[in-house]
2 protein chains.
Amino acid sequence: MTSITPAAPIGNRAAASEARKQRIRDAALALFSQFGLRGASLDAIADQAGVSKTNLLYYFPSKEKLYVAVLQQILDTWLEPVRAIDAEQSPETAIGDYIRIKVELSRDHAQASRLFCLEMIQGAPLLREDLQSNLRLLVEEKSRVIEGWIARGSLRPVDPHHLIYLLWGTTQHYADFAVQIEAISGRTLADPAFFEATVENITRIVLGGLLPRTNADS
Amino acid sequence: MTSITPAAPIGNRAAASEARKQRIRDAALALFSQFGLRGASLDAIADQAGVSKTNLLYYFPSKEKLYVAVLQQILDTWLEPVRAIDAEQSPETAIGDYIRIKVELSRDHAQASRLFCLEMIQGAPLLREDLQSNLRLLVEEKSRVIEGWIARGSLRPVDPHHLIYLLWGTTQHYADFAVQIEAISGRTLADPAFFEATVENITRIVLGGLLPRTNADS
DNA sequence: GTCTATAATTCGATAGAC
DNA sequence: GTCTATCGAATTATAGAC
């Protein structure tokens, strides 16, 4: 008798359905980020999500569709800190904030960082187009912001691309190589003191070399 | 009638055998570094090495044995630049040389870098012990070298661990994220001008922030 | 040492009952 | 929407001839 229209406010069924899809995506992120697209099995993902494999394939019609769904949920979050870089800010504020936010992402979304890294290592077959268009334009835009800082003397000369790569590389390293860092330092970013030391040291090295020298410097 | 003793000088048979094993290891590195342990099939590796799958399994009795053989061949090469860091050198020379050598490795052994990264992302199940003992000791030793530089005023204060992580992260990034960098910059490290610009910018950012300020600085 | 043939699993995906 | 049952392909590894 009752018929649910697609545009209706989310009812119990639809909400439960979306919740189940999210549980599947979460489980898929955990396993894809550790074993890769081919290394993670639908059996294992369904098991971790608490659903049957058949049921998983009801919500995501193929393994690759599930993989893409997980990747797309990550991408925007990942580039948001880059988008936030603004010419109006001082380089000290903009770069300092960027470093902190990226280290926070490495702490709170390490699996997402690792899946992104895995996809890059494998040649990013599913993201290549996006990289060559959207990401390239974004980096060009922010490079001009950095060049503006250099032109008005608030940043010492540096190639903007290489600065951006250095910022990406150092901050993501704490998520992607977390095992190595924990084996050596015995700490993780979950430790507040280690987190602060990470942000502070990266910031000091990068900004210490790039901010103009004042007479106060020894 | 003729019997080959194990200690005999390498004859044609033994040389051919070793050459074939090396071809298999090379093919395995190429495919493991792109698809991971589970994602690369012995069929594909044997095919790329130009041998039959059965023959591959004659030389390496299991897939995991082959994987470990490839990993071990990488490890020493990879840590050699760290070992070369010497207290007798000036920090400018030691760190500058380290950056150049690591970027050379990222250029000439990108697949090895990526396989190492893959193994770390997956939790380094086969290297964990080695990390917690050998690598940890190596990093402690080099940290004391860095602390010595700071104590005698030839390096500004910085946490040695975070400096080492930053150097690792930025240099390896050019190998592990080569696809992303090529999509954005349109260049690779194979381009000599891009290679030099990479070394120079990383060096300038890191050393610019860490070397003591002189009166010549503006 | 190298091959063919095949054993023994595992995996992604589908069919069809309920 | 969810389940059981199962197909068909791919994969690691072994057996045995030469």
Side-chain angles (χ1 to χ4, degrees), chain A residues 1-6 8 10-25 27-32 34-71 122 125-126, chain B residues 1-6 8 10-25 27-32 34-71 122 125-126:
Chain A
M1 287 294 187
T2 63
S3 83
I4 306 294
T5 66
I10 297 172
N12 286 340
R13 295 172 212 69
S17 169
E18 185 48 46
R20 183 164 273 218
K21 285 180 85 166
Q22 191 55 47
R23 279 224 315 283
I24 294 171
R25 273 191 294 256
L29 171 58
L31 288 163
F32 282 144
Q34 189 173 0
F35 300 111
L37 172 57
R38 300 174 73 169
S41 75
L42 290 183
D43 257 325
I45 294 170
D47 192 57
Q48 175 144 337
V51 303
S52 71
K53 184 169 62 171
T54 330
N55 194 232
L56 183 156
L57 284 164
Y58 169 76
Y59 287 105
F60 298 93
S62 78
K63 191 187 194 183
E64 193 168 317
K65 289 266 175 58
L66 173 59
Y67 185 75
V68 172
V70 172
L71 262 190
Q122 296 179 358
L126 296 161
Chain B
M1 283 297 186
T2 63
S3 81
I4 305 294
T5 65
I10 296 172
N12 285 341
R13 294 172 214 69
S17 168
E18 184 49 45
R20 184 165 271 219
K21 285 179 85 166
Q22 190 55 46
R23 278 225 315 283
I24 294 171
R25 272 192 294 257
L29 171 57
L31 288 163
F32 282 144
Q34 189 171 0
F35 300 111
L37 171 58
R38 301 173 73 170
S41 76
L42 291 182
D43 256 327
I45 295 170
D47 192 56
Q48 174 144 339
V51 303
S52 72
K53 184 169 60 171
T54 330
N55 193 231
L56 184 157
L57 283 164
Y58 168 77
Y59 287 106
F60 298 92
S62 78
K63 191 186 193 183
E64 193 169 317
K65 290 265 173 58
L66 173 59
Y67 185 75
V68 172
V70 172
L71 262 189
Q122 296 179 358
L126 297 160

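Bear in mind the structure is a predicted one, so any value in this text is a computation, not a measurement. Basis for what follows: all heavy atoms, side chains included, without hydrogens, waters or symmetry-related copies. Per chain, numbering begins at 1; letters A, B, ... match sequence-line order.
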Engineer: At what distance, to the nearest 0.5 angstrom, does CG of B:Leu31 lie from CG of B:Leu42?
Structural biologist: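 Going from CG on B:Leu31 over to CG on B:Leu42, the span is 10.5 Å.
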
Engineer: Counting only side-chain nitrogens and oxygens, does B:Ser52 get under 4.0 Å of the OP1 or OP2 atom of C:dC3?
Structural biologist: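 For B:Ser52, the contact criterion (side-chain N or O under 4.0 Å from OP1 or OP2 of C:dC3) is met.
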
Engineer: Rounded at 0.5 Å granularity, tell me how far CD1 in A:Ile24 sits from CG in A:Leu29.
Structural biologist: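 If we round to the nearest 0.5 Å, A:Ile24:CD1 and A:Leu29:CG are 14.0 Å apart.
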
Engineer: Could you list all the ring-ring contact (aromatic ring centres under 6.0 Å, His included) pairs where at least one residue sits in residues 43-68 of chain A, not counting sequence neighbours?
Structural biologist: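 Qualifying pairs, neighbours excluded: A:Phe32-A:Tyr67.
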
Engineer: Measure CG/A:Asn55 against C1'/D:dC3 and give the value in whole Å, please.
Structural biologist: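 After rounding, the reported distance stands at 9 Å.
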
Engineer: Tell me, please, which residues at least two apart from B:Ser62 pass side-chain contact (heavy atoms from CB on, under 4.5 Å).
Structural biologist: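 Per chain and number, B:Ser62 pairs via side-chain contact (heavy atoms from CB on, under 4.5 Å) with B:Glu64, B:Lys65.
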
Engineer: State which residues pass salt bridge (Lys or Arg N to Asp or Glu O under 4.0 Å) with A:Arg25; sequence neighbours excluded, sorted by chain then number.
Structural biologist: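 Only A:Glu18 meet the salt bridge (Lys or Arg N to Asp or Glu O under 4.0 Å) criterion with A:Arg25.
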
Engineer: With rounding to the nearest 0.5 angstrom, report the CD to CD1 distance, A:Gln48 to A:Ile45.
Structural biologist: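 Between atom CD of A:Gln48 and atom CD1 of A:Ile45 there are 9.0 Å.
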
Engineer: Angle between the end axes of the helix from C:dG1-D:dC18 to C:dC18-D:dG1, five pairs per end, to the nearest 10 degrees?
Structural biologist: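 Answer rounded to 10°: the end axes differ by 10°.
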
Engineer: Below 3.5 Å between N/O atoms, which protein atoms pair up with nucleotides 9-14 of chain D? Just atom names and distances, please.
Structural biologist:
{"from": "D:dT12", "atom 1": "OP1", "to": "B:Leu42", "atom 2": "N", "distance (Å)": "3.4"}
{"from": "D:dT12", "atom 1": "OP1", "to": "B:Lys63", "atom 2": "NZ", "distance (Å)": "2.8"}
{"from": "D:dT12", "atom 1": "OP2", "to": "B:Leu42", "atom 2": "N", "distance (Å)": "3.0"}
{"from": "D:dA13", "atom 1": "OP2", "to": "B:Lys63", "atom 2": "N", "distance (Å)": "2.9"}

Engineer: Could you state the interatomic distance from NZ (A:Lys63) to CG (A:Leu57), rounded to the nearest 0.5 Å?
Structural biologist: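 It comes to 10.5 Å.
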
Engineer: Take the protein atom CG of B:Leu56 and the nucleotide atom C1' of C:dG1, then report the distance between them rounded to whole Å.
Structural biologist: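 Distance check: B:Leu56 CG to C:dG1 C1' gives 14 Å.
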
Engineer: Taking only side-chain N and O atoms of A:Arg20, does any of them lie within less than 4.0 angstrom of OP1 or OP2 on D:dT2?
Structural biologist: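 A:Arg20 to D:dT2 OP1/OP2: side-chain N or O found under 4.0 Å.
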
Engineer: At less than 4.0 Å, is any side-chain N or O atom of B:Tyr58 found next to OP1 or OP2 of C:dT2? Yes or no.
Structural biologist: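 False: B:Tyr58 side-chain N/O out of range (4.0 Å or more) of C:dT2 OP1/OP2.
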
Engineer: The criterion is ring-ring contact (aromatic ring centres under 6.0 Å, His included); which residues satisfy it with B:Phe35, sequence neighbours excluded?
Structural biologist: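 Partners of B:Phe35 under the ring-ring contact (aromatic ring centres under 6.0 Å, His included) test: none.
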
Engineer: Rounded to whole Å, how long is the line connecting atom OH of A:Tyr59 with atom P of C:dA13?
Structural biologist: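 Spelled out: OH on A:Tyr59 to P on C:dA13 is 18 Å.
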
